[in-house]
Amino acid sequence: MASLVTCPHCGARPKEEFTVKGAALTRPAPDASQETWFDYVYLRDNPRGAYQEYWHHTSGCRRWLVVNRDTATHEIFETRDAARKVTA
Amino acid sequence: MSKYRVTLRPALDGKQPIQRNGVSLEARPEGTLLHLLAPPSTNELPCFSEYAANLSLRPVSPGQWFAVGDTALPHADLQALASSLKSEADIVDQSHGRIRILVRGPMAMRVLAKGTAVDLAIFPVGHSATTLIGHITAHVTRIDEDAFELIVLRGFAESLWDELVQMSLEFS
Amino acid sequence: MTPYRLSSGGLVDRSKPLSFSFDGKEMQGFEGDSLASALLANGRLLVGRSFKYHRRRGILTAGAAEPNALMTIGEGGRTEPNTRATVQELYQGLTAQSQNRWPSLDVDVGALNSLLSPFLGAGFYYKTFMWPAALWEKLYEPFIRRAAGLGRATYEADPDGYEKSWAHCDLLVVGAGATGLAAALAAGRAGARVIVADEQSQAGGGLLSETATIDGKAAHAFAAETLAELAALPNVTLLPRTTVFGWYDGNVFGAVERVQKHVGIPAAHLPVERLWRIVAKEALLATGAEERPLVFGGNDVPGVMMAGAMRTYLNRYGVAPGRQVAIFTTNDTGYALAADLEAAGIPAAVIIDSRSRPAPSGYNGRTRIISDAVVSDASGGKALSGITVRTRNGSETIKVDALAMSGGFNPVINLACHRGGKPQWSDEKATFLAPSGLKGLSLAGAAAGIDGLAACLEDGAAKGTALAESLGYGSTQPSFGAVTGEIAPAPAKPLWTIKGVRGKAFIDYQNDVHRKDLGLAVQEGYGHVELAKRYTTNGMATDQGKLSNVNAIALLAEARGVSPAEVGTTTFRPFYTPVSFGALTGTSHGHHFQPVRKSPLHNWAKKNGAVFVETGLWYRSSWFPRAGETGWRESVDREVKNARKNAGLCDVSMLGKIEITGADAAEFLNRVYSNAFLKLPVGKARYGLMLREDGHIYDDGTTSRLAEDRYFMTTTTAYAAGVMNHLEFCAQALWPDLDVRLASVTDQWAQMAIVGPKARAILERIVDADLSNEAFPFLGAAEISLFDGAVHGRLFRISFSGELAYELAVPAGYGESVADAIMEAGREDGIQPYGVEALAVLRIEKGHVTHNEINGTVVPGDLGFGRMVSSAKPDFIGKHMLAREGLNAPERPQLVGVVPLDPAKSFKTGSHILAKDAAATLENDQGYVTSSCYSPHIHSTIGLALVRRGSSRHGEEVMIWNGLRDEFTPGRLCDPVFFDPANEKLHV
Ligand SMILES: [Zn+2]
């Protein structure tokens with residue numbers, strides 16, 4: 001029926017305005033090992049709880065976001081622009 | 001002179017303005033609509049008004065604006081503006097690609113709430129946002145206390161118009 | 001004996017009589033009646049037949065939980081089954097039909113099921129119909145289908161309108177009874193944006209049935225006064241006739257407003273129902289409490305009713321339940337009813353109180369009280385005739401025609417549990433309370449387990465004030481004066497298992513689940529609440545167990561000898577009450593089903609006689625029939641031949657178009673395409689291949705360099721949106737350090753392909769530029785003007801057809817005019833419009849691929865695009881997976897052409913390729929035909945196929961197998977380029 005995602009640029013918007021891509025992984029360096037690349041392309045965690053995903057505000061500002069949400073409760077802990085690098 | 005006569009067919013050709021109790025719909029002139037593209041970290045375009053005072057600037061996205069005017073900008077003027085503004089932003093002409101629709105009246109907010117989840121009651125005059133109106137993406141600007149201007153892809157303009165007619169039916 | 005309308009009293013407007021019909025019989029009611037109250041006022045006790053046993057059923061409640069009085073309302077396209085008569089407002093001309101009976105409500109053949117009841121007990125689906133299997137389809141299933149579900153949907157189209165709307169507030173108050181009104185007033189006065197949703201037409205909830213006074217005013221007058229103040233506050237929105245049915249993520253509430261369900265002929269400009277999505281910072285549930293039935297034998301005989309419902313019919317609607325009323329109660333609420341009955345001049349015959357020392361304060365009546373007693377059975381057929389009362393000392397039969405029951409109260413906490421929270425058992429309240437620790441939602445009043453009007457007003461006001469304060473609106477808590485004359489429901493002593501029951505004691509009325517069914521479930525090992533629910537179907541009807549769940553859980557607990565807390569509860573899910581498909585659909589049907597996307601050349605195509613086809617949201621021209629042509633193939637063959645002989649014009653405006661600017665645009669393109677783009681010169685177009693990160697082809701198209709830092713990309717129509725999202729992902733998430741800026745310009749340009757040997761001559765007449773082969777060779781791209789500078793556009797010399805061809809883009813508003821001019825300029829050269837069918841033939845003849853071939857499983861090498869994978873580039877999307885063994889396996893399907901051996905034979909796209917003499921088995925499958933058409937140049941069906949090792953098998957005979965039609969066509973694999981393989985026509 002409804003759920004809202006808070007875009008850092010646009011505010012709370014219904015999920016219909018967004019497109020979800022999947023795990024927000026860091027793309028390996030071009031010269032990374034084959035193993036690293038395989039993991040990036042194919043390997044996914046499937047946690048119960050917090051999970052970082054790429055979401056695109058397709059029908060809004062058209063920015064790609066990193067959404068940190070709880071896979072069990074759908075609670076969203078944080079959203080940020082995907083261009084904003086965070087140091088872990 | 002060429003022997004061929006070219007004419008412009010507006011996307012909402014033949015759609016007469018709709019006047020209801022408390023809300024009206026009107027297709028705005030297909031004048032000028034420029035898409036200004038700057039790096040996403042850009043917060044403002046300080047030089048813009050100097051070169052294009054007759055165009056109003058509306059935020060679209062980080063680093064992106066629409067510059068809107070009611071009359072068409074001649075090709076040469078557009079070229080000139082593009083080179084003047086080059087250091088601030090690239091210009092992509094969308095004058096034909098985006099269509100403007102004006103929704104005005106005390107019930108305008110009620111009509112639009114049938115389509116968008118944006119809380120227009122706390123949406124200041126001059127503010128812009130892109131949102132879904134029903135199934136169609138549109139850029140909304142509150143241009144006056146009781147007036148909202150929508151900018152929609154040309155191909156969807158007729159559908160959005162039909163949706164708005166339906167959404168305002170309550171006030172007939 | 002029957003119920004009847006009192007000569008005075010109630011909130012109905014006796015000056016406004018309304019006529020309606022029930023099962024064809026004309027009846028009268030008043031404005032303000034519910035259908036249920038009007039039926040009772042007309043003496044109609046028997047209103048429905050039960051689901052399984054077809055037992056006679058009467059009206060049990062006065063609200064949303066009603067399990068019995070389900071009716072079909074309206075006629076024709078407005079027919080609505082399973083309407084609860086207790087919530088349906090009466091209107092002039094309303095027609096209601098009872099359900100689940102044949103031939104009539106009074107004489108129902110299905111009632112024979114009662115005789116079969118030993119076979120229809122719990123688990124009957126699993127047991128009775130298990131064997132023999134052969135009988136299932138012929139006997140059991142039709143029987144169950146006929147028995148299953150009450151009411152019948154109409155086959156006629158619904159003539160009415162529906163719509164959806166969003167709403168926003170600081171505080172959503174659900175329920176406008178005493179608690180809700182008090183809370184709304186508190187927050188409203190403080191200045192918060194408040195929405196008050198209430199399912200009834202008239203706000204007030206229990207206040208409308210209450211005889212106590214507040215500050216000396218009648219309770220209903222207090223409600224009206226409070227409502228008037230709320231209505232006058234600009235920051236308060238009242239939504240009457242609105243049921244909040246679900247609580248969703250982000251504190252969004254779903255609600256349905258019955259805008260015009262209380263009128264016979266709805267006004268056309270208004271919807272009949274409106275679906276609200278309400279975004280609330282905070283929500284307060286003031287949803288009250290549901291009275292619990294008592295589980296004694298015959299507790300479903302018409303005339304047995306909830307005590308609170310009886311009070312409502314008496315006080316709000318001025319309807320007496322009967323003349324000899326008994327009250328069976330476990331708490332003080334029964335005495336409030338007794339007092340009201342006495343005041344109405346129909347004193348109750350007896351109060352049976354399960355408690356040993358009932359001492360209700362405030363009750364001074366003279367009704368006989370039997371304490372420490374139960375009603376073990378009620379008897380009667382169409383109407384109640386008597387009850388058996390059991391005490392420690394024995395039993396007594398009392399003749400009555402109405403029986404009120406009250407087993408205590410269950411707070412209505414459904415919404416509070418919609419997001420996964422589990423109800424929590426309270427020993428003190430002997431019921432389930434809402435989960436604790438909820439965010440954005442709290443409960444007040446009876447919904448929070450609070451008893452009594454005064455306490456509810458106080459609680460509502462306090463919580464409304466506190467919530468407003470938490471949202472930044474300071475205020476003082478309203479106070480309401482003294483409540484006088486109230487008998488509150490507390491204290492209650494739960495009574496689950498009643499001893500001495502002889503008849504069927506129902507728990508779930510709507511699904512006909514009775515006490516023995518639960519016992520059987522426990523006995524057979526289905527004692528877990530989730531198992532018992534499915535085994536007995538308890539709580540699975542449209543009322544979702546509003547009356548039955550707590551009784552069922554408590555009885556399971558008693559049967560198992562544990563606390564109800566241990567039994568737990570089943571999950572509450574949306575919707576709280578059924579929501580019509582109409583409301584969920586809103587306006588999205590018919591003309592408004594989905595948006596239509598129209599090309600700027602739509603009108604041009606239309607006036608040239610195009611037949612349109614929906615592709616995604618677009619309407620595209622399929623072909624342009626001419627007078628005398630007998631079928632589409634004839635038109636398409638003509639269009640194809642003419643394009644290769646003279647010239648054709650095709651609308652390609654739907655191609656995705658993306659403008660790419662920025663200092664790093666070239667580097668960006670070099671990384672998103674598999675082939676090299678860094679050195680593409682200004683004024684040139686290049687075919688590009690985009691891969692997914694896993695190495696498979698994602699999309700293809702051409703990109704032209706218009707200036708040093710400006711590119712114009714085209715994508716396929718189907719993937720236009722996807723490619724834009726993908727590029728934005730690359731620019732923003734992967735390489736934010738690159739200066740690259742993207743704008744979708746799909747709608748800015750009307751784009752047309754001008755194709756054929758005469759294309760240049762025609763274009764030269766309108767384009768202000770030198771189009772000679774030397775000045776503008778194959779893959780040229782330029783910004784040009786037309787008609788002596790009247791229009792500025794872009795011209796690309798690219799070809800999907802293999803002919804000398806151009807794509808001309810002009811600003812969309814000029815599209816029709818320019819296309820007209822081209823047709824005029826090309827008339828003597830024989831130019832004709834062509835549609836997507838001809839476009840497909842032209843490209844298949846040339847072996848050009850589309851997403852039929854780029855189907856998500858192919859890598860560049862499969863399509864012969866191996867040379868389009870740059871080995872020099874250090875990085876591009878998809879590069880790092882391409883070396884994988886499987887993507888380079890020799891047995892991979894590869895693009896190949898296919899023709900029938902006999903040109904008179906044809907085959908269809910999707911047909912599979914078998915080795916010439918192989919049997920038609922999955923094991924022998926070697927690939928399939930991805931595209932096919934009739935080629936008027938080859939004079940045969942031709943196809944493109946992805947076939948194992950296809951590129952090295954040209955010339956091999958194969959069998960083309962259409963398994964769906966069991967057709968076999970002998971064929972031959974060949975070069976996928978059927979026409980002009982040397983590309984001589986392209987470069988002229
Ligand atoms: Zn956004």
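Chain letters run A, B, ... following the sequence lines, proteins first and then strands; every chain starts at 1. When reading the values below, keep in mind they use all heavy atoms of this one structure, side chains included, and skip hydrogens, waters and symmetry mates.
- With contacts defined as side-chain heavy-atom distances shorter than 4.5 Å, the pair C/V596/B/F156 does not qualify.
- Between C/H792 and B/H75, the ring planes are parallel. Angles under 30° get that label, and only those over 60° would be called perpendicular.
- Formation of a donor-acceptor pair under 3.5 Å by the B/E170 side chain with backbone atoms of C/L270 is not found in this model.
- Contacts between B/R98 and chain C at a heavy-atom distance below 4.5 Å involve the side chain alone, from C-beta outward.
- When the candidates B/L120, B/I136, B/T116, B/L33 are compared by the number of heavy-atom contacts under 4.5 Å with chain C, B/T116 comes out ahead.
- Contacts of residues 159-167 of chain B with chain C at a heavy-atom distance below 4.5 Å involve B/S159, B/D162, B/E163, B/Q166, listed in sequence order.
- For C/H591, the part sitting under 4.5 Å from any heavy atom of chain B is the side chain, from C-beta outward, and nothing else.
- Only the backbone of B/I91 comes within contact range of chain C, with heavy atoms under 4.5 Å apart.
- At a 4.5 Å heavy-atom cutoff, B/D13 makes no contact with chain C through either its backbone or its side chain.
- Of the atoms belonging to B/H35, it is side-chain heavy atoms, and not backbone ones, that fall under 4.5 Å from chain C.
- Panel note: side chain C/R741, backbone B/L37; a donor-acceptor pair is recorded below 3.5 Å.
- Neither the backbone nor the side chain of B/A11 comes within contact range of chain C; no heavy atom of the residue lies under 4.5 Å from a heavy atom of that chain.
- Only the side chain of C/R274 comes within less than 4.5 Å of a heavy atom in chain B; its backbone stays farther off.
- With a threshold of 4.5 angstrom between heavy atoms, B/P10 does not approach chain C through any atom at all.
- When side chains are defined from C-beta on, C/V818 counts as touching B/V6, because their heavy atoms get closer than 4.5 Å.
- Ranked by heavy-atom pairs shorter than 4.5 Å toward chain C, the options B/H135, B/Q94, B/E158 are led by B/Q94.
- Between chain B and the residues C/V252, C/N603, C/V740, C/L742, the most heavy-atom pairs under 4.5 angstrom are made by C/N603.
- Residue contact with chain B, scored on non-hydrogen atoms closer than 4.5 Å, involves the side chain of C/S588 exclusively.
- A distance-only check finds no donor-acceptor pair linking the side chain of C/H269 to the backbone of B/L169 [under 3.5 Å].
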